[in-house]
Amino acid sequence: MRFMSIVTSSHPPGPPTPQLLEAVHKLADREIKAGRMLDSGGLMPVSTGAQVRIADGKVSVIDGPFVESKEMIGGYAIFELRDKEEAVALAVEFMQLHKEHMPGWEGTCEVRAYAMPHWDGVCEVDARARA
Amino acid sequence: MTAAEINRTILAVWRIEQPRLVTGLSRLLRDVPLAEDLSQEALVAALEHWPASGLPEKPGAWLMAVAKRRALDHLRRRRMLAEKHDVIARDMAQEQQAMPDPDSALDDDIGDELLRLIFTACHPLLSREARAALALRMICGLTTEEIARAFLVPEATVAQRIVRAKRTLSVSGLAYETPRRDQLSERLGSVLEVVYLIFNEGYTAARGEEWLRPQLCNEALRMGRVLTQIAPQEGEAHGLLALMELNASRTASRTDAAGDPILLMDQNRARWDQLQIRRGMLALSRARELGGGGFYVLQAAIVACHAQARKAEETDWRRIAGLYADLAGLVASPVIELNRAVAVAMAEGPGEGLAIVDRLTHEPALKSYHLLPCVRGDLLQRLGRHEEARAAFEAAAELAGNQREQLLMRRRAAEAGAAMPS
């Protein structure tokens, strides 16, 4: 099963400590070598990007300035794993590193399974669509 | 959390830590199968303690500490036995020195030990089935029961295979063998064969009712990725990974909602997994850089032709036919030749394909292979030789192994019959 882990934080992120960077890098390296991590990346603040919205039936591009929302996505990682338990175990290990190497930081690592055709709930939707 | 959920959580944590446990312990004990046993004992200890105590903050260090204690007990017992039998005992202090402390063992690069682990599990001395079972157990952390369910054999059979394989390794003195770097390419064949066997076992499973069978594909893919990391100079390792990634990219489109197979040319290509295709293409180009033109690299290159064609009509059949010719030059196999015939027919026309197929009709290895008359019938049909096509499809129906294929062949025979001028 494929999972995406998304890290969000409500604090203005601030640069990660060198210790945290090193620890996270080591974990990522291990996961790549184990063939579990397929991709990962960090995201710049929304001020470097844009938002495209639909409201009142109109598409509009918002290019800033942005009111910083409470929860900011800081990064993501994509894993190929056996089950949700493995995804959670890895997220716990990842967050444990934050606790240890960047005291005071608070945030969330959300674990989400990819939607796959023929799998569980998605399979049923597919069957209905064909019927 | 229910007890079952807690157990699943503990198993997940253990599976993530297991390769490091086994590699760290085998370095100390100089015995890979024994190290694997002790890693299982650490799991049992976790299953006993963690439901009450909760998960430790550093589960990896906890498991390593437990396993290390067991390993020391084992070394002590071994020393006492040796003394009792008046055999020269190894110096305990020296053994203590070789002991990895839990933290440093976690930090060390385990590449070489992992290589040893994989090469031990896939030793050519063991049967293919035993290698597959041992690899799934020692590298992927599958339980004996899971392996049995995945391979559709009784659990006792798998347990016996594993016990026998471990014994074979021990008595042959192969329990802690370091493959020399110059032997790597030669020994790698035995490893790749097992990984591909595991992949195909999952890939050819008709339906995913038993989720563990498709799961075998993922375990094989993981092992393939591990191999390209620890043996990055081996073109065939990258080739096999490319082949598996590219084939697996079509998983979602290979069956319809009712579970019936959809043929490659009829699949909805929008459903092919582009992330996986990219990874496959990357592995293939790495294999090519390393000069790869081996068995797996060529097969991956063929699958890549399909993966890159956005529509079925855009498939580069000429290139595929050429790659099959290269493959036939490498391994003489009538099945490869039959595949080449199909590609040639697509590239140059049914007559050219038929000429190859007709040369294969007396091949003893294909005597009861229903796809031979099936391909032949298809080409004859396209040439307008309906009478002969009908006879070929009927012959294919006689040979077809399962009912679904038999019905398909009979239907095609009837179609050919209907197309005959009356």
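Basis for what follows: all heavy atoms, side chains included, without hydrogens, waters or symmetry-related copies. Each chain gets a letter, A, B and so on, in the order its sequence line appears, and its residues count up from 1.
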* Test side chain to side chain contact (heavy atoms under 4.5 Å, CB included) on A:Glu80 and B:Asn218 and set out the steps. => CA-CA 8 Å; A:Glu80 189 76 61; B:Asn218 285 330; 4.0 Å; yes

* Report the C-alpha separation of A:Glu85 and B:Leu11 in whole Å, then their side-chain angles, then the decisive distance to 0.1 Å, and conclude whether the side chain to side chain contact (heavy atoms under 4.5 Å, CB included) test is met. => CA-CA 8 Å; A:Glu85 282 77 13; B:Leu11 261 170; over 6 Å; no

* Please step through side chain to side chain contact (heavy atoms under 4.5 Å, CB included) for the pair B:Arg20 and A:Arg30, ending with a clear verdict. => CA-CA 10 Å; B:Arg20 275 180 304 168; A:Arg30 186 193 85 192; 2.8 Å; yes

* Decide side chain to side chain contact (heavy atoms under 4.5 Å, CB included) for B:Gln215 and A:Asp83; before the verdict, give the C-alpha distance in whole Å, the side-chain angles of both, and the deciding distance to 0.1 Å. => CA-CA 10 Å; B:Gln215 181 59 30; A:Asp83 49 30; over 6 Å; no

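A 6.0 Å sphere centred on CD of A:Gln51 holds more than 12 heavy atoms belonging to other residues, nucleotides or ligands. The 12-atom threshold is not exceeded at CD1 of A:Ile73, counting heavy atoms of other residues, nucleotides or ligands nearer than 6.0 Å.
Between the side chain of B:Arg279 and the main chain of A:Leu38, a donor-acceptor pair closer than 3.5 Å is present. No donor-acceptor pair under 3.5 Å is formed between the side chain of B:Arg225 and the backbone N or O of A:Arg36.
Interface remark: A:Lys99 contributes side-chain atoms only to the contact with chain B (heavy atom separation under 4.5 Å).
Closest approach of B:Ile16 to A:Glu86, counting heavy atoms only: CD1-O, 3.9 Å. Of all the heavy atoms in A:Gly35 and B:Val226, the pair that sits closest is N-CG2, 4.3 Å.
A distance of 8.5 Å separates OH of A:Tyr114 from CG of B:Asp273, quoted to the nearest 0.5 Å. One finds the CZ atom of B:Arg278 at 7.5 Å from the CG atom of A:Asp39 (value rounded to the nearest 0.5 Å).
You'll find the side chain of B:Leu275 reaches within 4.5 Å of the side chain of A:Arg2, heavy atoms only.
The pair B:Glu146-A:Arg82 meets the salt-bridge criterion, with a side-chain N (NZ, NE, NH1 or NH2) lying under 4.0 Å from an Asp/Glu carboxylate O. Between A:Glu93 and B:Lys58 no salt bridge is recorded (no basic side-chain N to carboxylate O distance below 4.0 Å).
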